[in-house]
There are 2 protein chains.
Amino acid sequence: MPRIEGKSGDGVQAVNLALSIIEHLAREQRAVGVTTLAQALGTTKSRIHRHLQTLVQEGYIVQPVDSDRYACGPRLVALGRAVSDSLDLAHVAADPLLELRDALGHSAVVSQITPDGMRVLATVPGRSAIEIGVRSGSMLSFHSSAQGKAALAFSSAEFRARVLRSKLQVFTQHTIVSPEALAAELDKVRAQGWATAPNETGIGLNTLAAPIFDSTGAVCGTVGIVDMVQFIAGTPSEDQRARTMAAAQRVSRALGHGAL
Amino acid sequence: MPRIEGKSGDGVQAVNLALSIIEHLAREQRAVGVTTLAQALGTTKSRIHRHLQTLVQEGYIVQPVDSDRYACGPRLVALGRAVSDSLDLAHVAADPLLELRDALGHSAVVSQITPDGMRVLATVPGRSAIEIGVRSGSMLSFHSSAQGKAALAFSSAEFRARVLRSKLQVFTQHTIVSPEALAAELDKVRAQGWATAPNETGIGLNTLAAPIFDSTGAVCGTVGIVDMVQFIAGTPSEDQRARTMAAAQRVSRALGHGAL
DNA sequence: TTCTAATGTATCGCTGTACGAAACAGCATT
DNA sequence: AATGCTGTTTCGTACAGCGATACATTAGAA
C-alpha cells in the first residue's frame, strides 16, 4: 500500500510527527494543549499525547507546573548551543570558498568580525601566475578593506558609530579617512550588498566582499575575492558580484541564518 | 509480547532513536558515519540509515559536502534559539518563588543582572503583617544588596574588577564602601553560595540571595528572600539558606543550566 | 591491476509497534 | 445535574518500521 502521510512525503513518520511537535511548540513560544496541537498538526489527540509523553520523558518537552499544557524545555537550548559550537565559520566556509575560486579564478577569502577589525580565517589561492591574497590570520581594518566595509555596513548603528569616531589610519592615498565619506560609502554598501576597496589596502589590489550572517541575524564575517585591480574593478562584473554574494549567502545558511 | 527496548524504558521507540542520534551527533561535534553510529547506539545500520534520511530530509542533520558522514545541522541552533527566547527569567522563576514564600513565609524576589546593577523582575509578598519587600522593576546596586553581591561573586573577573573600581555609593552606615572589603566579602559569598546584606540596603532589613545560572553557565540573576533582620539573620538559618539555594538551583535548571 | 575489507545505500517479507476510535476522567460553566 | 471542554487511558488491528541480506563505492593491500 502506498504512503499517504500528510506532512512531508516519506521518512519515519513517528519521527516526523515528533519533530513537527517540537517545531510547533518552539514557534508558539508558549505552552500549548494536546487538543490544540492535534488540530494544528492535523492528527489525533492520542497520537499527539503518546508522542508528548515520549518527548517529556527525554526532557525535550516540559509541562509547566500546575498546567496540563506542554512547552519546549531547556534541553533544546543546550542542544542548539552544542551544535552552534561545532559550526565554526572557517569550517563551513571551506567548501563555498573553493567553489568560488573554481568559478572565478581569483583568490577567495573568509574573514570574521572582531571588535578590533576583520580577522582573516582562511584563504584559497587563486589561479593566476602571480600569487595574490591576504595572509590567513592577519587583521584588516574596518575602514580600509572591502571585508571591513561589508561587515561594518551591516553592523549595529552603535558599533558603526564607534568605528567612525575612532582614528582612521592612512594606508594609501585612496584610503578613506573622512568619517563623513566613510558613512556615505557604508550606506552605499548596505544598499548594494557588497563592498570593494580598490587601491585602499594596497596599490594595484582590489577585494570584493559580501557579508555573512549567523543564526541570530547578526553579521559575523565576510566572503570575498582578491586580485589585481585589472581583474576586479571598483564595480566588479555582474558574475563576480553574483557569485560572491551567493557564496556568502550559502555560508550564512549553513550557519543557521534563516532556518526555522 | 512485552517491551524489551534497550534504551529508555518506553515511549515511541522510533522517536527515542531519532533523539539519541541527534544527541550523539551533537556531543561528538563532528560528522559520524552510519556504522559508527550503529555501534555506539547498539542497533543496526539499516535502522540508523533510515532515521538519518528522515532527519536530513527535515534539515536537522546535514551531510558535509563530499562526505558520506552525518552531522548536526544549523536548524538545531535556530530551534534552540527560539526556545531560549521563550525562557525568560521572570516566567520560569514564578513557581519556585511561590514555593519559597510558602515554605518560609518571607517575601521572595527574583532579580536579573544588568550592566548597571540588579533589576528586580518579580516579587511575591511575604506572610508577615507588615509588608516588606523591594519594588518590582527597581534597580539594586552591586555592592549594597545581597542580590548584587550574590551575582557579582559569580561573575567574570573582569566585570567584578570594573564594579570594584567604580564609585561605591553609601546607603547606610553598614554599606561596604572599601573595594578591598567588598572583594573579601565576594570571596566569602562565592565559597558559601549565598549572600546577605543586613542593614546595608536599609536599616532593619535583610535579604538572602543565591545566584541563578543560565544554559551557558553564566550567572544571570538571583533568587532571594527579604524580611526584617530579626527574621533573617546575617547568617541565616540552615533552613533559609538551603531552601533559597534550592530554589535558585531549580530556576537554573529550568533555564537549561546543566542540561545535555 | 585484482583482491579484500571497509564503508554507505537499497530491497523486501514478517512482525510487533504505533495507530485511531472510542471510552474515561477531571474541571469548569450553564 | 447536565453539558462542554480539557487531558488521559484502553484495545484490537493494520501497516510502519524492523533486520537480514544484497548491492555499490571506495580505499588500501597484495
Side-chain angles (χ1 to χ4, degrees), chain A residues 1-22 24-25 28 30-73 95, chain B residues 1-22 24-25 28 30-73 95:
Chain A
M1 185 175 269
R3 285 280 178 69
I4 304 166
E5 185 59 27
K7 166 82 195 187
S8 45
D10 19 345
V12 180
Q13 38 174 232
V15 175
N16 277 313
L17 179 61
L19 295 176
S20 297
I21 291 175
I22 292 176
H24 188 88
L25 290 178
E28 288 291 324
R30 60 191 180 77
V32 175
V34 174
T35 309
T36 320
L37 266 171
Q39 286 169 350
L41 300 179
T43 184
T44 59
K45 281 199 298 178
S46 33
R47 204 145 95 96
I48 295 285
H49 182 254
R50 207 171 325 117
H51 278 255
L52 282 173
Q53 282 192 327
T54 306
L55 293 169
V56 167
Q57 204 169 51
E58 297 291 329
Y60 288 92
I61 299 288
V62 295
Q63 305 198 59
V65 280
D66 301 346
S67 162
D68 37 18
R69 287 146 133 91
Y70 295 85
C72 285
D95 195 70
Chain B
M1 184 175 267
R3 285 280 178 73
I4 304 167
E5 186 59 27
K7 168 83 196 186
S8 44
D10 21 344
V12 180
Q13 35 176 239
V15 175
N16 277 313
L17 179 60
L19 295 176
S20 296
I21 291 174
I22 292 176
H24 189 88
L25 290 178
E28 288 290 324
R30 61 193 179 77
V32 175
V34 174
T35 309
T36 320
L37 266 172
Q39 286 170 350
L41 301 179
T43 184
T44 58
K45 280 199 300 178
S46 30
R47 206 146 93 96
I48 294 286
H49 181 253
R50 205 170 330 115
H51 279 256
L52 281 173
Q53 282 192 327
T54 306
L55 293 170
V56 166
Q57 204 169 51
E58 298 290 331
Y60 288 92
I61 299 288
V62 295
Q63 306 197 56
V65 281
D66 300 347
S67 163
D68 36 16
R69 288 145 131 91
Y70 296 85
C72 285
D95 194 71

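Below, chain A is the first sequence line, B the second, and so on; all start at residue 1.
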- Degree of bending, the helix from C:dT1-D:dA30 to C:dT30-D:dA1 (end axes from five pairs; round to 10°):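 One end's axis against the other's: 30°.
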
Send over the distance from [X] [atom1] to [N] [atom2], rounded to a whole Å.
{"X": "A:I21", "N": "C:dA18", "atom1": "CD1", "atom2": "C1'", "value": "13 Å"}
{"X": "B:H51", "N": "C:dG8", "atom1": "NE2", "atom2": "P", "value": "17 Å"}
{"X": "B:Q13", "N": "C:dT15", "atom1": "CD", "atom2": "C1'", "value": "12 Å"}
{"X": "A:L41", "N": "C:dG20", "atom1": "CG", "atom2": "P", "value": "12 Å"}
{"X": "B:I48", "N": "D:dA20", "atom1": "CD1", "atom2": "P", "value": "14 Å"}
{"X": "B:R47", "N": "C:dG16", "atom1": "CZ", "atom2": "C1'", "value": "13 Å"}

Table of protein N/O atoms under 3.5 Å from nucleotides 25-30 of chain C N/O atoms:
none

- Item | Where B:A14 and A:V15 come nearest, the two heavy atoms and their spacing |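 B:A14 and A:V15 have their closest heavy atoms at O-CG2, 3.5 Å.
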
- Message: For a quick test of reading the model, state the closest non-hydrogen atom pair linking B:V62 to B:C72 and the distance between them.
- Response: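 Between these two residues, the closest heavy atoms are CG2-O, 3.9 Å.
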
For the atom pair [atom1] ([X]) and [atom2] ([Y]), what is the distance rounded to the nearest 0.5 Å?
{"X": "B:H51", "Y": "B:L19", "atom1": "NE2", "atom2": "CG", "value": "10.5 Å"}
{"X": "A:I61", "Y": "A:Y70", "atom1": "CD1", "atom2": "OH", "value": "10.0 Å"}
{"X": "A:T54", "Y": "A:L17", "atom1": "OG1", "atom2": "CG", "value": "10.0 Å"}
{"X": "A:H24", "Y": "A:I22", "atom1": "NE2", "atom2": "CD1", "value": "13.0 Å"}
{"X": "B:L55", "Y": "B:L25", "atom1": "CG", "atom2": "CG", "value": "8.5 Å"}
{"X": "A:L52", "Y": "A:Q63", "atom1": "CG", "atom2": "CD", "value": "8.0 Å"}

- Item | Summary of protein contacts for nucleotides 3-11 of chain D, nucleotide by nucleotide, where a base hit scores B, a sugar-phosphate-only hit scores S (4.0 Å, heavy atoms) | ---SBBB--

- Task: For B:R30, check side chain to side chain donor-acceptor pair (under 3.5 Å) against everything at least two apart and list the hits.
- Result: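 Per chain and number, B:R30 pairs via side chain to side chain donor-acceptor pair (under 3.5 Å) with B:E28.
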
Counting only pairs under 3.5 Å, give me each side-chain donor-acceptor contact of residues 31-44 of chain B, with atom names and distances, residues two or more places apart or in other chains.
residue : atom : partner : partner atom : Å
B:T43   : OG1  : B:R47   : NE           : 3.0
B:T44   : OG1  : B:R47   : N            : 3.4

